[in-house]
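Notes for the one structure printed next.
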2 protein chains.
Amino acid sequence: MEGEAGAASKEPKTARGEATRRAILDAAEKVIGRLGYSEASIGSITREAGVAQGTFYIYFKSKDEIFSELVREMGRSLRHRISDATADIPGRLNAEREGLRAFLAFVAEHPELYRIVQEAQFVDPEAYRAYFRAFAEGYRQGLAAAAASGEIRPGDAEIRAWILMGIARSLGERAVVFGHQTPVDELVETAHDLIVNGLKR
Amino acid sequence: MEGEAGAASKEPKTARGEATRRAILDAAEKVIGRLGYSEASIGSITREAGVAQGTFYIYFKSKDEIFSELVREMGRSLRHRISDATADIPGRLNAEREGLRAFLAFVAEHPELYRIVQEAQFVDPEAYRAYFRAFAEGYRQGLAAAAASGEIRPGDAEIRAWILMGIARSLGERAVVFGHQTPVDELVETAHDLIVNGLKR
DNA sequence: AAGAAATGTGAATACTGATTCATATCTCAT
DNA sequence: ATGAGATATGAATCAGTATTCACATTTCTT
């Protein structure tokens, strides 16, 4: 046998190795978030991590691989954060609001992560699609259930899922990429009002 | 004097040159749209255009430069298309619907262009921001006017502009990047209903 | 304390691909 | 029809950087 089933990459065997791997991953997040994938060199990552260049390859097979790992890790923590925030909110529309708030808070705290996911569309399209498919599916189920229970008007849950996802992403981008400083609560308020009541007078 | 004020790049002086430059630009659109910026080499572009590699540098200063030009050109034609489609639609909400329809039709016809704009976020951030600022500002003005005239409920026009923009982008991405095949009219229907009436029963 | 495994080093390698350049060929004004 | 600019060629240059490798050092086991 070589390694575990999915065998991400070369797993460390000691606590020391674990710490080094972690340091490299954190450095990569920081550096790639700041410079973007192609500008970030292995050298800049290992420098940031305080290790030699060769050390990188003890823990990761390639530059692509560490990037994929970053994307997956980020997806996990974001999903976790949102499901925590919405776990015991009663009513789909309320859960929707809290999910949006949690999302915006998360991206404000981790602008690098946001940028990385966006870039994954080009660097690792498969990871990117998986990430959004997972999100869309979550939304879709919630909306379908809410329509069935009569909480919201009937309508195509899958398309609506993409609409809500788009709203969240756009507001996140407005803040992170375009630097607008509106407080999260105000964004959530405006968006939720539109989602619930529409624009019509 | 050297050239015109902004002097994009080396302008051709004859019809022959004009045609070659055009061929290279079209080839770049096709190739970069298919392979992405970093995978697309100058060689692959000139091969597609049917000219020698050196010819590229007669008309463009660098790979970056042709990319920026592509982004600008695309922004122009998309804006043009949308303003044509909404020019004489009475009522903001109706114009909104037709704008969305025009946008989705355009991206369905030019998936490469869509991909290129997205990638501009990393390759040419300034062009990217300019592109969306222009869009957001158009939306914002329309919404502010509609709120003032009482067609829609009052609310922050700028945030709402980003919300509507996000909806359009997300549905475009669903089609182009994720390959879902829903007819444009159905998307427009569902989105417009949500935008006008909200989800609430 | 000794050997083996794990970890760490950083200089050398290897490759890719953007850009340049010396050299044709073409086009148009005269 | 001719010569000066404009356009075209594609092989050579050049730079950047991902990856490898031969050689330390540290840690763990016994």
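To find a chain, count down the sequence lines: A is the first, B the second, and so on, and within it residues start at 1.
The side chain of Val51(B) sits closest to dT9(D) out of dT9(D), dT7(C), dA18(D). Checking dT17(D), dG8(C), dA8(D) against the side-chain heavy atoms of Tyr59(B) singles out dA8(D) as nearest. In this structure, the nucleotide among dT7(C), dA18(C), dA6(D) sitting nearest to the side chain of Ser41(B) is dA18(C). Considering only side-chain atoms of Ala52(A), the nucleotide from dT27(C), dG10(C), dA18(C) that sits closest is dG10(C). For Thr14(B), whose side chain is taken as the heavy atoms from C-beta onward, the closest listed nucleotide among dT7(D), dT9(C), dA18(C) is dT7(D).
Residue Lys63(A) contributes atom NZ, which lies 15 Å from atom P of dG16(D) at whole-angstrom precision. Regarding Ile42(B), its CD1 atom lies at a distance of 11 Å from the P atom of dT20(C), rounded to whole Å. Atom CD of Glu11(A) and atom C1' of dA5(C) are 17 Å apart (whole Å). Between the CD1 atom of Ile58(A) and the C1' atom of dT26(D) there is a distance of 12 Å, rounded to whole Å. Atom NZ in Lys13(B) sits about 19 Å away from atom P in dA4(D), given to the nearest Å. With rounding to whole Å, Gln53(A) atom CD is found 20 Å from dC23(D) atom P. Between the CG atom of Asp64(A) and the P atom of dT16(C) there is a distance of 15 Å, given to the nearest Å. In this structure, the CZ atom of Arg16(B) is 7 Å from the C1' atom of dT25(C), given to the nearest Å.
Map Ser62(B) and Ala15(A) each onto its nearest nucleotide of DNA chain C; the residue landing nearer the 5' end is Ala15(A). Mapped onto DNA chain D by nearest heavy atom, Gly54(B) and Pro12(B) fall at different nucleotides, with Pro12(B) at the one closer to the 5' end.
Within the 4.0 angstrom heavy-atom criterion, base atoms lie near Thr55(A). When heavy atoms are screened at a 4.0 angstrom cut-off, Ala19(A) is found touching no nucleic acid atom at all.
Under the 4.0 Å criterion applied to side-chain N and carboxylate O atoms, Glu173(B) and Arg169(B) are not assigned as salt-bridge partners. Arg160(A) and Asp156(A) are not joined by a salt bridge, as no carboxylate oxygen comes within less than 4.0 angstrom of a charged side-chain nitrogen.
Between Phe178(B) and Tyr128(A), the ring planes are tilted. Angles from 30° to 60° get that label.
A donor atom on one side chain and an acceptor atom on the other are found under 3.5 Å apart for Asp64(B) and Tyr37(B).
OP1 and OP2 of dT7(C) both lie 4.0 Å or more from every side-chain N or O belonging to Tyr57(A). Side-chain N/O atoms of Arg21(A) include none lying less than 4.0 angstrom from OP1 or OP2 on dT7(C). Distances shown here put a side-chain N or O of Thr20(A) below 4.0 Å from the OP1 or OP2 atom of dG8(C).
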As a quick check of understanding, evaluate side-chain contact (heavy atoms from CB on, under 4.5 Å) for His110(B) and Met74(B), giving each step before the final call. CA-CA 10 Å; His110(B) 304 283; Met74(B) 174 172 6; over 6 Å; no

